[in-house]
Undergrad: 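Below you will find the structure I want to go over with you.
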Amino acid sequence: MDINQFIEKFKQIETKGFVKSMRRGPTGIGMTLESLLGIKENNISLPDLDGIELKAHRDNSMNLITLFTFNRGAWIMNPLEAVRKYGTLDKNGRLGLYFTMNFTPNSAGLYLFADNEAVSVRHINGDVLVKWNFNDLEDQFKRKVPALIIAYARTEYRGNDEYFQFYKAVLLKGTTKDIIRESIKNNIILIDLRLHDKGTMARNHGTGFRIYEKNLPLVFSNTEVIA
DNA sequence: GGTACCTGGAA
DNA sequence: ATTCCAGGTAC
């Protein structure tokens, strides 16, 4: 699907008003939008449209937007070992590492460290949990998010069912490969650990490289309302 | 069956 | 803004 096809279809979706979420939970909005557009769900780290990554975002949500995830070859420690050593109990009684990292140590003693080559998650005791080379991050960023469309929806609940009203789409483009390095060092792109102890393994939703919506213009030079 | 991606939040 | 968390699939 190219950009013009997207605009046509999205305008039709806008005319539908509130549509029922096709899946319960946080991911319902993205799955529903893709389904309405006729895009099949996948787990391929490529843009959804022709060279454009698609995001869906609920109004009144201050949450981070995930630009991409990256774990392959990055973990120095065994993830399950790291969870058990440094994790905190979640509301389900599981040990988890659910941290948006910073360059100063958090409550678990974990912090980010960056030099010219890589950024890593470390513990104040010296352990290096996971490390990403900037070159690899640049490649993944450029590969997954060469440009981005963010689709906005109002939401409401009818009983236990969530409904979405898509009403606006914004295209952001004009990113460069090397911007990720400075964005990470400046805490514009945030590193979000999202894994927990699932008994015999670490259930890892993928380390997210994430950004606040308001900061998106800092990694793209051009912003345009397209629908 | 585990890993690594995808899609995203609530308080 | 910070702390903590969700449902999916390919291989």
Undergrad: Considering only NZ, NE, NH1 and NH2 on the basic side and carboxylate oxygens on the acidic side, decide whether A:Lys9 and A:Glu14 come within less than 4.0 Å.
TA: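 No, no charged N to carboxylate O under 4.0 Å.
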Undergrad: Is A:Glu162 touching bases, backbone alone, or none of the nucleic acid, heavy atoms closer than 4.0 Å?
TA: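 A:Glu162: no heavy atom of the nucleic acid under 4.0 Å.
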Undergrad: Assign each of A:Leu46 and A:Asn60 to its nearest nucleotide of DNA chain B by heavy atoms, then name whichever residue's nucleotide is nearer the 5' end.
TA: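 Checking each residue's closest nucleotide, the 5'-ward one belongs to A:Leu46.
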Undergrad: What integer distance in Å separates A:Phe68:CZ from B:dG8:C1'?
TA: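 One finds 17 Å between C1' of B:dG8 and CZ of A:Phe68, rounded.
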Undergrad: Does B:dA4 have OP1 or OP2 sitting under 4.0 Å from an N or O in the side chain of A:Thr207?
TA: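 False: A:Thr207 side-chain N/O out of range (4.0 Å or more) of B:dA4 OP1/OP2.
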Undergrad: Report the distance from atom NZ of A:Lys214 to atom C1' of C:dA1, rounded to the nearest whole Å.
TA: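 Distance, rounded to whole Å: 9 Å.
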Undergrad: Pick base, sugar-phosphate or nothing for A:Lys40, based on heavy-atom distances below 4.0 Å to the nucleic acid.
TA: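 Here A:Lys40 touches no strand at all.
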Undergrad: With sugar-phosphate meaning primed atoms plus P, OP1 and OP2, does A:Met201 contact a base, only sugar-phosphate, or nothing at under 4.0 Å between heavy atoms?
TA: base
Undergrad: Rounded to whole angstrom units, what separation is found between the CG atom of A:Asn63 and the P atom of C:dT3?
TA: 14 Å
Undergrad: Mind checking whether A:Phe141 and A:Phe220 have parallel, tilted or perpendicular rings, split at 30° and 60°?
TA: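 Tilted: the ring planes of A:Phe141 and A:Phe220 meet at 30° to 60°.
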Undergrad: Toward the 5' end of DNA chain C, which comes first, A:Asn106 or A:Asn43, by nearest nucleotide?
TA: A:Asn106
Undergrad: Assess whether a salt bridge exists between A:Arg94 and A:Asp197, defined as any Lys/Arg side-chain N lying under 4.0 Å from an Asp/Glu carboxylate O.
TA: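 Between A:Asp197 and A:Arg94 there is no salt bridge, as every charged N stays at least 4.0 Å from the carboxylate O atoms.
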Undergrad: Within the structure shown, what part of the strands sits under 4.0 Å from A:Asn42 by heavy-atom distance: base, sugar-phosphate, or nothing?
TA: sugar-phosphate
Undergrad: Pick base, sugar-phosphate or nothing for A:Thr66, based on heavy-atom distances below 4.0 Å to the nucleic acid.
TA: base
Undergrad: In terms of the nearest nucleotide of DNA chain B, which residue is placed more toward the 5' end: A:Arg203 or A:Ile29?
TA: A:Arg203
Undergrad: Return the orientation label for the A:His57 and A:Tyr152 ring planes: parallel under 30°, perpendicular over 60°, tilted otherwise.
TA: perpendicular
Undergrad: Could you check which of B:dG2, C:dA6, C:dG7 has an atom nearest any side-chain atom of A:Asn92?
TA: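 Taking heavy atoms from C-beta onward, the closest nucleotide is C:dA6.
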Undergrad: Going by the angle between their ring planes, with limits at 30° and 60°, are A:Phe166 and A:Phe164 parallel, tilted or perpendicular?
TA: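 It falls in the tilted class, 30° to 60°.
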Undergrad: Checking contacts here: which listed nucleotide (B:dC5, B:dG9, C:dC4) is nearest the side-chain heavy atoms of A:Arg58?
TA: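 Closest nucleotide among those given: B:dG9.
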Undergrad: Please figure out whether A:Tyr98 or A:Arg24 has its closest DNA chain C nucleotide nearer the 5' end.
TA: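 Nearest-nucleotide comparison on DNA chain C picks A:Tyr98.
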Undergrad: A:His57 near the nucleic acid: base, sugar-phosphate alone, or nothing, with a heavy-atom cut-off under 4.0 Å?
TA: sugar-phosphate
Undergrad: Using a 4.0 Å heavy-atom cut-off, does A:Thr100 contact any base of the nucleic acid, only the sugar-phosphate backbone, or nothing at all?
TA: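 The residue A:Thr100 makes base contact.
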Undergrad: Ignoring the backbone of A:Glu41, work out which of C:dG7, B:dC5, B:dG8 is nearest its side chain.
TA: C:dG7
Undergrad: So what does A:Lys91 touch, heavy atoms closer than 4.0 Å: a base, only the sugar-phosphate, or nothing?
TA: sugar-phosphate
Undergrad: Tell me: CG of A:Leu64 to P of B:dG9, nearest whole Å?
TA: 10 Å
Undergrad: Mind checking if A:Asn71 touches a base, just sugar-phosphate, or nothing, with heavy atoms under 4.0 Å?
TA: sugar-phosphate
Undergrad: When you measure from the side chain of A:Arg23, which nucleotide among B:dC5, C:dG7, C:dA6 comes out closest?
TA: C:dG7
Undergrad: Closest to the A:Asp192 side chain: B:dG9, B:dC5, C:dA6?
TA: B:dG9
Undergrad: Kindly say if A:Thr69 contacts the phosphate of B:dC6, meaning a side-chain N or O under 4.0 Å from OP1 or OP2.
TA: yes
Undergrad: Quick one: which of A:Asn71, A:Asn204, A:Leu80 gives a side-chain contact (heavy atoms from CB on, under 4.5 Å) with A:Leu195?
TA: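 Passing option: A:Asn204.
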Undergrad: Send over the distance from A:Asp197 CG to C:dC4 C1', rounded to a whole Å.
TA: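 Rounding to the nearest Å, CG of A:Asp197 and C1' of C:dC4 are 17 Å apart.
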